[in-house]
Amino acid sequence: MDSTRQSKIAKLIQKELAEIFLGDGIPVYDCMITVTQTKVTPDLSLARSYLSIFNSEDNNKVMKAIRKNTKDIRYRLAQKVKHQLRVIPQLDFFIDDSLDYLENIENLLKS
């Protein structure tokens with residue numbers, strides 16, 4: 001169970017990461033990236049973000065590019081939240097495949 005502080009920081013990081021991927025327009029990604037969920041560890045040192053990737057031919061290629069640019073993304077995040085957080089957590093990104101799972105379940109139920 002997350003504490004109130006963890007939840008607030010997770011929502012803040014999720015919102016700012018979404019703005020970074022959407023608004024700042026890092027040119028490496030030629031697709032739409034949505035931050036679906038962010039979880040922060042109890043010691044606030046690690047933030048795990050789950051990303052949903054649309055309009056991409058190869059999601060793994062996009063994730064490799066994101067992981068390669070994690071330092072830059074963390075720096076941009078630090079610039080946005082430097083007045084709210086004392087220490088910026090390390091970022092870890094995962095593909096959120098819940099929509100694919102849901103689509104698979106729907107197809108199984110239809111057949």
Side-chain angles (χ1 to χ4, degrees):
M1 188 167 121
D2 292 343
S3 68
T4 305
R5 178 83 174 141
Q6 278 178 273
S7 299
K8 286 182 180 181
I9 290 175
K11 288 182 191 273
L12 174 69
I13 291 172
Q14 179 178 351
K15 179 180 151 279
E16 296 300 336
L17 282 176
E19 287 182 13
I20 289 170
F21 286 125
L22 184 67
D24 292 353
I26 301 172
V28 175
Y29 322 117
D30 191 26
C31 58
M32 188 174 107
I33 300 172
T34 305
V35 183
T36 57
Q37 185 178 18
T38 299
K39 295 180 181 179
V40 180
T41 57
D43 63 352
L44 307 177
S45 64
L46 178 66
R48 293 182 180 101
S49 294
Y50 295 88
L51 307 176
S52 185
I53 302 169
F54 300 102
N55 297 334
S56 172
E57 295 174 13
D58 187 13
N59 290 350
N60 292 326
K61 183 178 175 184
V62 174
M63 283 304 295
K64 284 181 184 178
I66 290 171
R67 288 185 178 131
K68 181 180 174 188
N69 293 322
T70 300
K71 284 186 180 182
D72 182 47
I73 295 168
R74 186 172 181 234
Y75 176 78
R76 290 174 188 233
L77 177 67
Q79 294 302 310
K80 290 179 176 273
V81 298
K82 62 184 172 185
H83 298 294
Q84 287 105 355
L85 297 177
R86 186 173 296 167
V87 177
I88 306 302
Q90 294 292 325
L91 299 175
D92 203 2
F93 296 106
F94 300 97
I95 294 178
D96 183 15
D97 58 352
S98 60
L99 292 176
D100 296 334
Y101 179 75
L102 180 65
E103 183 179 338
N104 186 23
I105 295 294
E106 285 181 3
N107 289 337
L108 289 173
L109 290 174
K110 287 180 182 177
S111 60

Would you give the length of the straight line joining atom [atom1] of [X] to atom [atom2] of [Y], rounded to the nearest 0.5 angstrom?
| X | Y | atom1 | atom2 | result |
| --- | --- | --- | --- | --- |
| Ile20 | Ile33 | CD1 | CD1 | 11.5 Å |
| Asn59 | Ile95 | CG | CD1 | 5.0 Å |
| Gln6 | Asp43 | CD | CG | 8.5 Å |
| Leu17 | Leu12 | CG | CG | 9.5 Å |
| Ser3 | Ile9 | OG | CD1 | 8.0 Å |
| Thr38 | Lys15 | OG1 | NZ | 12.5 Å |

>> With a 4.5 Å cut-off on side-chain heavy-atom distances among I, L, V, M, F, W and Y, is there a chain of contacts connecting Ile66 to Tyr50?
In response: no
>> As a test of understanding, state which of Arg76, Arg74, Lys68 forms a salt bridge (charged side-chain N to carboxylate O under 4.0 Å, His left out) with Asp72.
In response: Arg76
>> Can you tell me if Glu57 has over 12 outside heavy atoms packed within less than 6.0 Å of its CD?
In response: no
Does a side-chain heavy-atom distance below 4.5 Å link [X] with [Y]?
| X | Y | value |
| --- | --- | --- |
| Gln14 | Ser49 | no |
| Arg48 | Thr41 | yes |
| Leu51 | Val35 | yes |

Minimum heavy-atom separation for [X] to [Y], with atom names?
| X | Y | answer |
| --- | --- | --- |
| Ile88 | Ala78 | CG1-CB, 3.6 Å |
| Glu16 | Leu77 | CB-CD1, 3.6 Å |
| Phe93 | Arg67 | O-NH2, 2.6 Å |

> Under the side chain to side chain contact (heavy atoms under 4.5 Å, CB included) criterion, do Val81 and Ile13 qualify, and how do the steps go?
Replying inline: CA-CA 8 Å; Val81 298; Ile13 291 172; 5.8 Å; no
> Considering residues at least two apart in sequence or located in another chain, which fulfil the ring pair (Phe, Tyr, Trp, His ring centres under 6.0 Å) criterion with Tyr75?
Replying inline: none
